[in-house]
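We name chains A, B, ... by the order of the sequence lines, and we start the count at 1 in each one.
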Amino acid sequence: MDFNLTEERMMLRDTLQRFLADKYSHENRRAMIAAGEPYDAGIYAGLAELGVLGAMFSEGQGGFGGQGFDLMVVFEELGRAGVIEPVLPAVLAGGLIAALGNERQRGLVEEIIAGTHVAALAQGEAGSRYDLNHVETTAAAEGDAIVLNGIKTHVLYGAEAQTLVVSAREAGAAADAAGISLFLVPVNTPGVTVSGHRNMDGTPSATVALDDVRLADTARLGAAGEGLAALEAAVARGLTAICAEALGAMEAAKELTTGYLKERKQFGEPIGKFQALQHRMADMLIEVEQARSAVINMAGNLDQPRGRREIHACAAKNLIGRAGALVAEECIQMHGGIGMTDEYALSHFARRLTMIDHLFGDTDYHLERFIALKAG
Amino acid sequence: MDFNLTEERMMLRDTLQRFLADKYSHENRRAMIAAGEPYDAGIYAGLAELGVLGAMFSEGQGGFGGQGFDLMVVFEELGRAGVIEPVLPAVLAGGLIAALGNERQRGLVEEIIAGTHVAALAQGEAGSRYDLNHVETTAAAEGDAIVLNGIKTHVLYGAEAQTLVVSAREAGAAADAAGISLFLVPVNTPGVTVSGHRNMDGTPSATVALDDVRLADTARLGAAGEGLAALEAAVARGLTAICAEALGAMEAAKELTTGYLKERKQFGEPIGKFQALQHRMADMLIEVEQARSAVINMAGNLDQPRGRREIHACAAKNLIGRAGALVAEECIQMHGGIGMTDEYALSHFARRLTMIDHLFGDTDYHLERFIALKAG
Amino acid sequence: MDLNYTREEQAFRTEVRQWLKETLPHDLREKVRLGKRLAKADVELWHSLLNARGWLAPNWPRAYGGCEWNAVQRHIFEEEACLAHAPRSLPFGLSMLAPVLLAFGSEDQRQRFLPRILNGQDWWCQGYSEPGAGSDLAAVKTRAVRDGDHYVVNGQKTWTTLGQHANWIFCLVRTDPDAKKQEGISFLLIDMETPGVTVRPIVLIDGEPEVNEVFFDNVRVPAENLVGEENKGWTYAKYLLTHERTNIAGVGFSNALLTTLKHVAARVNSGGRPLAQNPHFAARIAQAEIDLMAMATTNLRVVSAAANGQAPGAESSMLKVKGTVIRQELTSLLRRAMGPDALPFQPDFLDGCSNAAALGPDHAAAAAPSYFNMRKLSIFGGSNEVQRTIITKAILGL
Amino acid sequence: MDLNYTREEQAFRTEVRQWLKETLPHDLREKVRLGKRLAKADVELWHSLLNARGWLAPNWPRAYGGCEWNAVQRHIFEEEACLAHAPRSLPFGLSMLAPVLLAFGSEDQRQRFLPRILNGQDWWCQGYSEPGAGSDLAAVKTRAVRDGDHYVVNGQKTWTTLGQHANWIFCLVRTDPDAKKQEGISFLLIDMETPGVTVRPIVLIDGEPEVNEVFFDNVRVPAENLVGEENKGWTYAKYLLTHERTNIAGVGFSNALLTTLKHVAARVNSGGRPLAQNPHFAARIAQAEIDLMAMATTNLRVVSAAANGQAPGAESSMLKVKGTVIRQELTSLLRRAMGPDALPFQPDFLDGCSNAAALGPDHAAAAAPSYFNMRKLSIFGGSNEVQRTIITKAILGL
């Protein structure tokens, strides 16, 4: 048992921390969003240069990391700084391409690692809620071609991507596990309409309409009809990433709040002297430690067989969801009015923590899934 | 809308409060229990004399109350004093006899009101948990006679009763709603074996074995096979009673705790000055008010049609269960060690509050039932 | 004990319900139902409709154009208005300033200001909080110095709700800097068109500029705008805070929210069945409903005592805390019910831009913003921490 | 980062598991599994078995008969012992007094007392708390006055766990009444067979006399029984409190409880199916399990840091609080799982009277008493309120 980071990961963490402390701030992010920019391309290039994207992939895939603890180290820092640049799609869509792609397809990974190409995962649909197996988008063979039809919702960074990894059904009914395939779809393919919007937490997202989108058979990623297992594994990596990001956001919110409790005076005393706040703060600190442990468990079991991996994924996402809500709500409450203003950084962390609960299954969803996995 | 008690109920409450303040104490109850007595017969006679048992029945039944608010007023005081004498069986078994009995059978009600006869409800079984319809005890016709076989568990005051009201199945399978009848069974009927024990909260209870118990056909209470509706209505009255009792116990626990917070000094200050305790106390006080409202809602809807009555019963029992656990646990915690000792009165209230959650459906059971009733 | 309304109260309820049905414009109702943001004109329209019926000022004396409703009538009206998805009328002039003028203002001030509140000429806002003061409202730093027949005001107010729409502000100002904290404060009415008044909107966590900072830079205010006596303003402020908290439990809002939540849960798909049939989610809704059923009665008990002339003490604080907890829980459940559809931020749709279509189902757009906005409930109007201290002190007396 | 145990640690775990399987007597295991009360002889038997294997004193130096296990080894042993339903060994002599003697006692004292702890000749109990002192342990009133080569002790201790079985007690006594609170306290060892010592058992809320009051009436204690220096006792007491909290999170106990809870829930009927399949109850178990999984890792992080020589600070307090919350929740769930079968009080069965049959299923008899008994976890060893203050002070430094 060893809870220390390797030297490489420590170096990456420290470099990333310095880079973000230096270049990234709530004010800059606000200004950028106000200017209508989806994210800061310069920062993204900088992250690529630091090796942040390379750390998402194993050496065999062209990177130098790719393990659970690599995701954890990077995303904790991204979360702490409130980074909205598209690292997550590199884990999700990039991870799928790296895991399933043939040699030609895997060429994209190199560009993703270099930060010159964004690939986004298009898996959600209007009725799917959090179920990866709920796929109504169809992929029909027409001679040598495959024709996609359907609408994909909540495609994170969809309007910023050059390539989409799309889940579509080649066989079976809407919620069947079998029959789902994954396809690489360049966004400029005729029939693809991407409508971008911004989420509550500032991250860009999109709806993607697929209207008789004709692809060559070679656009398929992995085996026909067997996409679900890989999708689930990629989402487990995505869950590790956003759980670690949430942990970082909790740490940042905690920092702001402890600072505030020390500085802010009311009725003549620092409010941190009020015992009721002290005890609630203690409960919050405990939950942040619990969240860290849950992320460690998840990261450390990411390469285990499916059952064990998913049990830890569910446990982590459930605990992170509860801890995140507690931290967001308590930190706002302890701040009072200032904690509710957009111009104070806490608002970003609170929004991000809350919205992370709506990504890839919320607290309740993963609790039920945990029960089902344990019973199965 | 009127939230004031009638003058009669106020008088009953005040007389009862004075009587119990004068004659009833934690020390006396402890001594009585240590001496192996099931309850204090003198107190019970006194309660009957005050009209406490009469208040459980309507004028038509030979009493002078019988409404939800009569139950509420009486049981809140019984709960506040921690009374373990058998008033509840008068509501449950007595209520069933009054509601369903023919003229001859109703003769027992007079004796119950006079405090000279205890009738107990024997409805639970080893596998029934909280389901009134789960009845495996059989009632088989043999010529003019009916023969009962089965084991009834958790028969409150069963070893102190002269008569049992027994639910038994004349037709159908274990959990069917139809086919359940109720029978009046004198405890000295051959084949009846009553084994008494004491519950955690000091109340007496029993297991009743029915081994070829032969009864005349006239022992049936109400129509054959249609006992469930009446049983449910009687249990709703019992739930009103124990919810009000729990409210009284919460008030008593609250009194002890506010007193303690004022008196007890630690680190040089009354512990009630510690803000963390103040705020938790506030949350507790709020829940006690919520509990009072829930009991009012239930008492005020006791004579409404089944759906409305049961929705309020479920809501009240659920809320009382949560509030009771909160009050029991927080009051112990705020007291520290002394709150855990048997010789301090809080222990009784905490045990009674906790055990009330195990009577006639707990917090979870009634939450699910509430959902089912609302959906149905 | 009787849980039923009197015949008169039932008739009143019917009258209110009927009027709402006939009068509340459909598009306004839809805006409220879907949690969209109301424009200034929306609020003004609603006030004018209420005023035309004579129902704009429930608790004012009839002599000044009010209804003189008792607590039960007010409760019934609020309950019905919420269920009908009517907008909330603005409290600042109606139930904050007016009671102070009625109790402590001059007859001149009443005659001058009250009619303009009713007819919509004035939109009032509140100048209580200052930066860094938080729940400690007596920490007033804004100075008002007498200069002939004027006061010259300098300083800053904050958290001024909807101040961007207002033309008048009632302020706590410090007129005696040497007096003790609660003393030396005066209650002053300031025309916001006076030179030196600047308003800066503050965007909140939900993306909406609901509150403002208001700056006073040598603002000259006629001395006749002083309410009551100089340096007695804290008394008036406290009166306002303790006596005019109607509908503090927000039972009506919570009932409307619960209805919306059930509506949504019955329609949203969760693993092949409506979310309402998911046992976990159903349990969370049921738990909130049970708490709300009890709180409705707790509220009625206080309302009914108030109608009988008893002044509510710690009960108000209890209703504030529990009411907040329940409303926040309901908005949290509504957000969760939306699943991924709670993610998008749709300000154009929320602002009612005619060409903005909503992403996702009914109620999705407002779910997350409302959740975030409602965090304010436990902060403003005396934070829940302050309320908890009041509750326990009332019983412990320490 | 590596969540796996080393090969050596895994081998140690196998060794412990095997030994427990071979050595733990079946009836003792059943008593623990069913939550029955252990008799004095049960505990003595378990100590003697551990001592025969050399495993009774995990954290003592080998020179004194201990194991010198590191934190990870101790953790593994505790985990296995809990899963095997082994009794808990008594901490009073082993992990409370002994470390104080090893750090501050004389060699004579070590040679005199440590072997008797191992071989079972002495049963120690703790004389820290006094009536009315609560978490304020420094509020010691019991007086010890030097009289020649003796101290004469007068006063009272309380909450002395299992003191009714003990023949020795280690006490904090006040030797200088004029010194400041934390000063003037000494650490004294008292033979309970000395005239003037009286023990009065206190029945707790679960019906069991688990703790005692101990009275001292002119008890003459040889001066050689003073540990360390006179008036320095508070230092030793603090050392004991901060350095000897092994297994504070109770992960092993909680794991065993969770196993029992699942065992019960799979067997109890709830509306025609096992309670484990009731979505509400399953959710409550799962929630506790998820929290426990995380806490097990939180615990290992602290244990692993301790094994690397880092002294745990606020982490101990975090583990205490969260560990308590989880254990109390699990006992609460176990009680609820029993339904009406949690009602009966069955002291004869719990005491292991051979002719007492249990009412209800396996585990029913102990469910409610254990729930009540476990309320102590958040009170003793520094209440959870005290721990929360420590946690926040460590980060806020206020």
Side-chain angles (χ1 to χ4, degrees), chain A residues 30 124 126-131 134 153-154 156 174-175 195 197-203 205 207 264-268 271 274 276-277 280 321 325 328-329 332-344 346-348 350-351 354-355 357-365 367-368 371, chain C residues 129 131-136 138-139 158-159 181 202-211 268-272 275 278-281 283-284 328 332 335-348 359-361 367-369 371-373 375-376 378-380 383-386 388-389:
Chain A
R30 275 186 95 211
S128 67
R129 199 170 173 90
Y130 299 123
D131 293 328
H134 184 111
T153 58
H154 307 299
L156 295 171
S195 317
H197 63 265
R198 201 179 286 279
N199 281 343
M200 276 305 294
D201 53 19
T203 53
S205 188
T207 305
R264 165 89 166 137
K265 289 191 179 172
Q266 203 160 14
F267 305 107
I271 58 175
F274 294 123
L277 296 192
R280 281 160 54 187
E329 295 178 357
I332 290 175
Q333 184 69 25
M334 290 192 205
H335 272 87
I338 187 78
M340 287 205 50
T341 62
D342 186 62
E343 61 197 7
Y344 186 63
L346 179 63
S347 65
H348 176 75
R351 282 187 298 244
T354 308
M355 290 300 109
D357 196 36
H358 290 259
L359 290 178
F360 302 109
D362 65 9
T363 312
D364 291 341
Y365 180 84
L367 185 66
E368 288 179 49
I371 294 167
Chain C
S129 295
S135 291
D136 187 6
T158 193
W159 310 131
K181 200 170 164 195
I202 302 173
V203 177
L204 290 187
I205 190 169
D206 61 349
E208 191 178 351
E210 191 183 33
V211 296
V268 165
N269 169 50
S270 162
L275 182 60
N278 175 306
H280 302 253
F281 206 80
R284 297 181 70 161
Q328 289 182 336
S332 168
R335 168 176 67 68
R336 288 165 196 275
M338 288 303 164
D341 291 323
L343 289 165
F345 178 47
Q346 306 180 59
D348 292 349
L359 293 167
Y371 161 76
F372 286 116
N373 184 272
R375 304 313 310 168
K376 74 185 177 198
S378 44
I379 295 171
F380 74 2
S383 73
N384 281 15
E385 287 77 16
V386 168
R388 287 194 175 93
T389 301

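Taking CD from C/Gln346 and CE from A/Met200, the interatomic distance works out to 10.5 Å, rounded to the nearest 0.5 Å. Rounding to the nearest 0.5 Å places CD of A/Glu329 at 3.5 Å from CZ of C/Arg375. Taking CD1 from C/Ile205 and OG1 from A/Thr354, the interatomic distance works out to 7.0 Å, rounded to the nearest 0.5 Å. Here C/Trp159 contributes atom CH2 and A/Ile338 contributes atom CD1; the two are 5.0 Å apart, rounded to the nearest 0.5 Å.
Neither the backbone nor the side chain of A/Ala328 comes within less than 4.5 Å of any heavy atom of chain C. Both the backbone and the side chain of C/Pro369 come within less than 4.5 Å of a heavy atom in chain A. Looking at A/Leu346, there are no atoms closer than 4.5 Å to chain C (heavy atoms on both sides), in backbone or side chain. A/Asp201 does not touch chain C: none of its heavy atoms, backbone or side chain, sits under 4.5 Å away. Only the side chain of A/Thr363 has a heavy atom closer than 4.5 Å to any heavy atom of chain C. Only the side chain of A/Leu277 comes within contact range of chain C, judged by heavy atoms closer than 4.5 Å. Looking at A/Leu156, there are no atoms closer than 4.5 Å to chain C (heavy atoms on both sides), in backbone or side chain. Interface residue C/Phe281: only side-chain heavy atoms are found under 4.5 Å from chain A. If you measure heavy-atom distances from C/Arg284 to chain A, the contacts under 4.5 Å come from the side chain alone.
When C/Asn384, C/Ile379, C/Val203 are compared by the number of non-hydrogen pairs under 4.5 Å with chain A, C/Ile379 comes out ahead. The residue among A/Arg264, A/Lys265, A/Glu343 with the most heavy atom pairs within less than 4.5 Å of chain C is A/Arg264. Heavy-atom pairs under 4.5 Å with chain C peak, among A/Ser205, A/Ser195, A/Gly336, A/Gly337, at A/Gly337. Ranked by heavy-atom pairs under 4.5 Å with chain C, the list A/His335, A/His197, A/His134 is led by A/His197. Interface summary for chain A: among C/Ser129, C/Ser270, C/Ser378, C/Ala368, the most heavy-atom pairs under 4.5 angstrom belong to C/Ser378.
Contact of the A/His154 side chain with the C/Leu359 side chain is not registered, since no non-hydrogen atoms from C-beta on lie closer than 4.5 Å. Between A/Arg129 and C/Pro340, the closest side-chain pair of non-hydrogen atoms falls below 4.5 Å. You'll find the side chain of A/Tyr365 stays beyond 4.5 Å of the side chain of C/His280, heavy atoms only. By the 4.5 Å heavy-atom criterion applied to side chains, A/Phe274 and C/Glu385 are not counted as neighbours. C/Val211 is not listed as a side-chain neighbour of A/Met340, based on a closest heavy-atom distance of 4.5 Å or more. Between C/Leu204 and A/Thr341, the closest side-chain pair of non-hydrogen atoms falls below 4.5 Å. In this structure, the side chains of C/Leu343 and A/Leu359 come closer than 4.5 Å at one or more pairs of heavy atoms.
No side-chain N or O of A/His358 forms a donor-acceptor pair with one of C/Asp341 less than 3.5 Å apart. Under 3.5 Å, the side chains of A/Glu368 and C/Asn278 contain a donor-acceptor pair of N or O atoms.
Between the side chain of A/Arg351 and the backbone N or O of C/Asp206, no donor-acceptor pair lies under 3.5 Å.
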